[in-house]
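Note: hydrogens, waters and symmetry copies are ignored here, and every other heavy atom, side chains too, is used.
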Amino acid sequence: MTQATAVKEPSPLAVVVGDCVELSRRSLRHVTRNVDEIIQAFVVPVVLLLMFRFLFGGAINTGGPSYVDYVIAGVIVLSVTFNSPATAVAVANDLQNGIVERFKSMPMFGGAVLVGHVVAAVLRSLIAVVLVIGLGLVVGFRPTAGPVEWLAVLAVLLLFIVAVAWVATLLGLVSGGVEAAGGYATILVFVPYASSALVPPETMPTALRLFVEYQPFTPVIDTTRALLLGHPAGASVWLALAWWVPILVLTMAYAVRRFDRRTNA
Amino acid sequence: MSGGYIIEANGLRKTFGSVTALESVDLQVERGTVLGLLGPNGAGKTTMVRILSTLLKADGGRAAIAGYDLDTQPRQVRKVIGLTGQETSVDPLLTGRENLVMMGRLFHLGAAVAERRAAELLERFGLVEAADRQVGTYSGGMRRRLDLAVSLVSSPQILFLDEPTTGLDPTSRMALWEMIEDLVSAGTTILLTTQYLEEADRLAGRIAVLNGGRIVADGTPYELKRQVGEERAELTVRADDLTRTMATVGGESIDERTVSVAVNGPDDVRGLLNRLADAGVEVVRFALHQPTLDDVFRTLTSKTTEGAK
């Protein structure tokens, strides 16, 4: 109708980046407008930390560091996985309410929808982690990590956070509905409980201990804990990378492919 | 490219597992016109719209939108179309304005143009007051209006409207019809699917009826109505002229003063009235009765359903 709306041809890369930025902006707006999400992302981890510090902490003997020093790494990891249901639900919601159909009928980079959700999930997780560490310091957490260890913690956690965000996104994609998406993602919330997050694995029966020692969350927790407390992280760093780099690559690739496939089905 | 049709489909076929949604669909739409795609539930209307709007790949056949091939140039197609699906596809957590600006940016209009276009559309669709409220708080009618506005962000040449007024109250429906009519007068080509025959009758210059995966009828509403049933003239005369009337024009009497005669177009009506005038019969009252699109729909869709079995 008017020449004002004539479309200039941006370069393909500019399209991809611009669309990802635009849809990240959208998902970040969601974070601030969704009360459930805020509670789940920020309030629950705080409550959890206080609960373990003051309610159960007195009764748990770690055989080493103080319980708050021990449990903080576990609560950090839990605060990341607590974000998964919100992410999975947001993705499933988009598919259900038809906005994805609209995006796909537009000359844009479709995968930007997923990237937007991942960016929001990562940001929520980072805020939650900072909150937990900050509150931890207030209630007695005394890290002995130097700058190098802090950077290493940040790097490992960032890998873990991004990977978990993609796993949650994929769950939202394959779930086929909002309720199911929430349900599947809850598994992600509970698996870390059966890890070294809250109590030392040595105290557990053999079968459980084997699971705990070989599941993917334990090395992330062990690495974080060791680095924060200035202990050698040992093999757990490599184990963490061996789990989470492939998880990230595979879920991201599969999610993007799966998202495209819906177009043709 | 052939014919200069803005939408042109030949032999489109689509199956979902063992269910054949489209068997072989041919469709042509001229630029600047409204085609109403009618059909019972499950006839394949939505499948058709999803294929033409690049959301779904057809199993066979070819289609071109504004001269761009759907299979090989989907990006070009996406630049010239707008889509309003059955479900409102706006973001409930964003405000109306944010939705419009976001879509404008995703069409790569540039930030300033996207803002201006959003303001323009909010104004045009009567959403200025609600512009900065989250869409989750909108009424059904407002959401639909926003949905339509969002599909117009890029000033598309072709607009697909998949049951645009389903679930709306009569006032909102009328308002939406008027907005659609404005678009048509501004030159937009529209492909409309609907369950409401009244809607098709009012908006569509041409109607195609989809049933059992094929187009079973295609024409102007008038042509389609004529196809299923004859138009009848009802002539009310003085009671003592009744016998003479029937002797002159045939037909059958409805009561002691009224005769109903099948007519075939305006010429036929003129001839009829002339013959009565020649015979000295005074026509007191005259009415034409056309079959409705409902009759068309029932006749066409029941016929083919039986035929398919």
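- Both the backbone and the side chain of A/Arg33 come within contact range of chain B, each with at least one heavy atom under 4.5 Å from a heavy atom of that chain.
- Formation of a donor-acceptor pair under 3.5 Å by the B/Thr188 side chain with backbone atoms of B/Leu183 is found in this model.
- Salt bridge status for A/Arg102 with B/Asp147: present, with a side-chain N to carboxylate O gap under 4.0 Å.
- Residue contact with chain B, scored on non-hydrogen atoms closer than 4.5 Å, is absent for A/Phe109.
- With a 4.5 Å cut-off on non-hydrogen atoms, A/Asn34 touches chain B through its side chain but not through its backbone.
- Taking the side chain as every heavy atom from C-beta outward, B/Met103 and B/Asp91 never approach each other to under 4.5 Å.
- Remark: A/Phe217 pairs with A/Phe160, A/Trp244 by the ring-ring contact (aromatic ring centres under 6.0 Å, His included) rule, at least two apart or across chains.
- Counting heavy-atom pairs closer than 4.5 Å to chain B, the top residue among A/His30, A/Met108, A/Arg25, A/Gln96 is A/His30.
- Only the side chain of B/Gln134 comes within contact range of chain A, with heavy atoms under 4.5 Å apart.
- B/Leu93 has its side chain out of reach of A/Arg29: every pair of non-hydrogen atoms, C-beta onward, lies at least 4.5 Å apart.
- Within the 4.5 angstrom heavy-atom criterion, atoms from both the backbone and the side chain of B/Val150 approach chain A.
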